[in-house]
Amino acid sequence: MASEEGLSAASIIASLETHFVGQRIIYYSTLLSTMDEAKKEARRGAPEGTTVIAGEQTAGRGRIKRAWLSPKGSLALSIILYPSIMHLPSLIMLASLAVVRSIEAATGLKSQIKWPNDILISGKKICGILIENEVRGNNIDYAIIGIGVNVNLRTADFPEIIPIATSLSDELGRDVSLLDVLQRLLVEIERLYLILLTGGSLYEEWRDSLVILGREVRVKSGETVYEGIAESVARDGSLLLRCFDGSLAKIVAGDATLRA
Ligand code: BTN
């Protein structure tokens with residue numbers, strides 16, 4: 001069974017306990033990428049919280065120009081927000097924590113965050129997050145939070161990802177309700193966003209959920225590769241890496257690999 005329900009905008013909104021996140025759903029059974037569709041909507045002035053969802057993506061994309069596998073049974077969504085520039089660094093924290101919380105609430109599975117925003121179960125990727133913004137000077141036109149969760153994805157059907165990816169159905173040995181995971185995710189996103197808007201911080205919880213702190217890592221940032229101990233993260237989300245030569249590197253964006 002690929003997924004039990006066949007999601008629709010009406011079924012998602014019917015019992016969704018949010019005020020604005022997900023209260024407008026644009027659902028496609030097949031789409032190239034929810035990111036592009038959400039961008040078009042944001043440029044047309046879509047209400048905050050508008051969410052584009054695809055049953056499957058044929059050109060899903062990840063960070064650093066990577067492709068994102070997004071067949072039927074996985075969850076692919078992009079949420080439009082209009083935050084102020086001061087909240088921009090916190091969106092990574094917000095999205096990662098919302099995914100961790102909603103996976104646990106829906107399935108009981110505990111996941112961890114690998115800096116900056118990969119979600120892992122048993123060391124393998126269960127979810128990827130892509131945030132794209134349109135910034136003009138000190139103003140943000142919009143921010144799009146793209147989230148892909150491997151819900152009912154049989155990794156055995158995709159041999160190339162078996163070493164690096166897992167899914168909720170693989171972990172549990174049964175399918176999981178896409179609707180339940182999605183609704184919990186939208187509720188958590190709104191809850192955490194409202195914390196930010198009312199002056200709260202997500203930094204401590206995000207920092208404490210990171211799997212890499214205190215561990216030996218290799219970080220690729222652009223063309224530069226750093227190796228050392230992941231010492232801490234700063235409030236702006238950057239990684240503080242104690243390199244093996246003793247220097248401290250502050251890495252704003254990159255891709256981290258845990259060394260054995
Ligand atoms: C990554 O791990 O590199 C990020 C993956 C992000 C995938 C999601 S799926 C929904 C949205 N649409 C896309 O094309 N990408 C994001």
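Atoms within a ligand are numbered from 1 in the order they appear, just like the ligands themselves.
Taking the side-chain hydrogen bond (donor to acceptor under 3.5 Å, both in side chains) definition, one finds that Y28 meets it with E37, sequence neighbours left out. Legend: residues meeting side-chain hydrogen bond (donor to acceptor under 3.5 Å, both in side chains) with T107, ordered by chain and number and at least two apart, are absent. Every residue meeting the side-chain hydrogen bond (donor to acceptor under 3.5 Å, both in side chains) condition with E204, not counting sequence neighbours, appears here in chain and number order: R235.
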Tabulated below should be the N or O atoms of ligand 1 paired with protein N or O atoms at under 3.5 Å; can you produce that?
residue: ligand 1; atom: 2 (O); partner: K125; partner atom: NZ; Å: 2.6
residue: ligand 1; atom: 3 (O); partner: R63; partner atom: N; Å: 2.6
residue: ligand 1; atom: 12 (N); partner: T34; partner atom: OG1; Å: 3.0
residue: ligand 1; atom: 12 (N); partner: Q57; partner atom: OE1; Å: 2.9
residue: ligand 1; atom: 14 (O); partner: S33; partner atom: OG; Å: 2.7
residue: ligand 1; atom: 14 (O); partner: Q57; partner atom: OE1; Å: 3.4
residue: ligand 1; atom: 14 (O); partner: R61; partner atom: N; Å: 2.8
residue: ligand 1; atom: 15 (N); partner: R61; partner atom: O; Å: 2.7

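Between the side chains of E56 and S70, no donor-acceptor pair of N or O atoms lies under 3.5 Å.
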Between L197 and H87, does the side-chain contact (heavy atoms from CB on, under 4.5 Å) criterion hold? Intermediate values first, please.
CA-CA 8 Å; L197 296 187; H87 292 130; 4.0 Å; yes
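If you take CG on L178 and CG on D180, they are separated by 10.0 Å, rounding to the nearest 0.5 Å.
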